[in-house]
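Only one structure is covered here, and it is reproduced in the block below.
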Amino acid sequence: MILNEALRLFPPVVDQSREVVMDVKLGDLDIPKGSILYFPRLSIHHDPELWGTDVHEFKPERFANGVAKATKHPLAFMPFSFGPRFCVGQGFAMEEVKSILVVILRRFRFQLSSNYRHGPCSWDTLKPKYGVPVMLESL
Ligand code: HEM
């Protein structure tokens, strides 16, 4: 739940686009071949109509009953994208971060340093502009 909520608020890949390879009708829209479709992932993850008025709050419990129940649209949460070209590293990335957290939490208590300055910035991927200094204390 915590990882999902972090990926919702700060998706590393903030947007992406697709080139339409043939004329296609999507609902009422006629989309001609060659069009570029843009997916503003960061905006979708921060849309109050999809997530509710608490959309900007860090609330891991919104995922308590699974991704489908966390939002009003099944594809509103897509940090790893979806469809045939979704991220092949999704499973690996999630297992990797859990393994790293387990190793740290078994040995240390940690908290955010008072020097932390919140500054997410998108440069290729979303990154903390001023880093994330944490205070580690041995258990
Ligand atoms: C938190 C970590 C990660 C995030 C948020 C992420 C997100 C994404 C996203 C949004 C895409 C675009 C998918 C699309 O075009 O529809 C992508 C593609 C891809 N990712 Fe990741 N990724 C992560 C980690 C990884 C890791 C660890 C690997 C490899 C071990 C990986 C390998 C790939 C590959 C190969 C593609 C291209 C897939 C294709 O075009 O068919 N990713 N990823």
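Ligands are counted one by one from 1 in listed order, and the atoms in each one are counted from 1 as well.
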Pairing of Glu5 and Lys59 as salt bridge, 4.0 angstrom limit: no

Polar proximity ligand 1 side, Glu96 side, N/O cut 3.5 Å exclusive: no

Met94, portion touching ligand 1 at heavy-atom distance under 4.0 Å: neither

Nearest non-hydrogen protein atom, atom 12 (C) of ligand 1: Gln16 OE1, 3.9 Å

Arg41 N/O under 3.5 Å from ligand 1 N/O: no

Close approach of Gln90 to ligand 1, heavy atoms, under 4.0 angstrom: no

Atom pair NE2 (His45) and CG (Leu9), whose distance is rounded to the nearest 0.5 Å: 9.5 Å

Identified ring-ring contact (aromatic ring centres under 6.0 Å, His included) counterpart of Phe10 within the set His46, His118, His56: His118

Numbered atoms of ligand 1 (with element) below 4.0 Å of Val88, judged on heavy atoms: 32 (C), 33 (C), 34 (C), 35 (C)

For atom 3 (C) of ligand 1, the protein heavy atom that lies nearest, with its residue and separation: Phe80 CE2, 3.3 Å

Protein residue, atom and distance nearest to atom 14 (C) of ligand 1, heavy-atom basis: Arg85 O, 3.0 Å

Atoms of ligand 1 close to Pro79 [distance to a heavy atom under 4.0 angstrom, numbered from 1]: 5 (C), 7 (C), 10 (C)

Atoms in ligand 1 with a heavy atom of Pro12 nearer than 4.0 Å: 5 (C)

Side-chain donor-acceptor pair present, Lys127, Thr125, cut-off under 3.5 Å: yes

Phe108 and Glu137, any side-chain heavy atoms less than 4.5 Å apart: no

Interfacing atoms of ligand 1 (cut-off 4.0 Å, heavy-atom, Phe92): 27 (C), 30 (C)

Heavy-atom nearest option to atom 21 (Fe) of ligand 1, drawn from Cys87, Ala93, Gly89: Cys87

Flag, side chain of Trp51 to backbone of Ile44, donor-acceptor distance under 3.5 Å: yes

Side chain to side chain donor-acceptor pair (under 3.5 Å) partners of residues 73-90, not counting sequence neighbours, each pair once: Gln16-Ser81

Any protein heavy atom < 4.0 Å from atom 28 (C) of ligand 1: yes

Salt bridge Lys25-Asp30, side-chain N to carboxylate O under 4.0 Å: yes

Over-ring placement of Arg8 relative to Phe77, 6.0 Å and 45° cut-offs: no

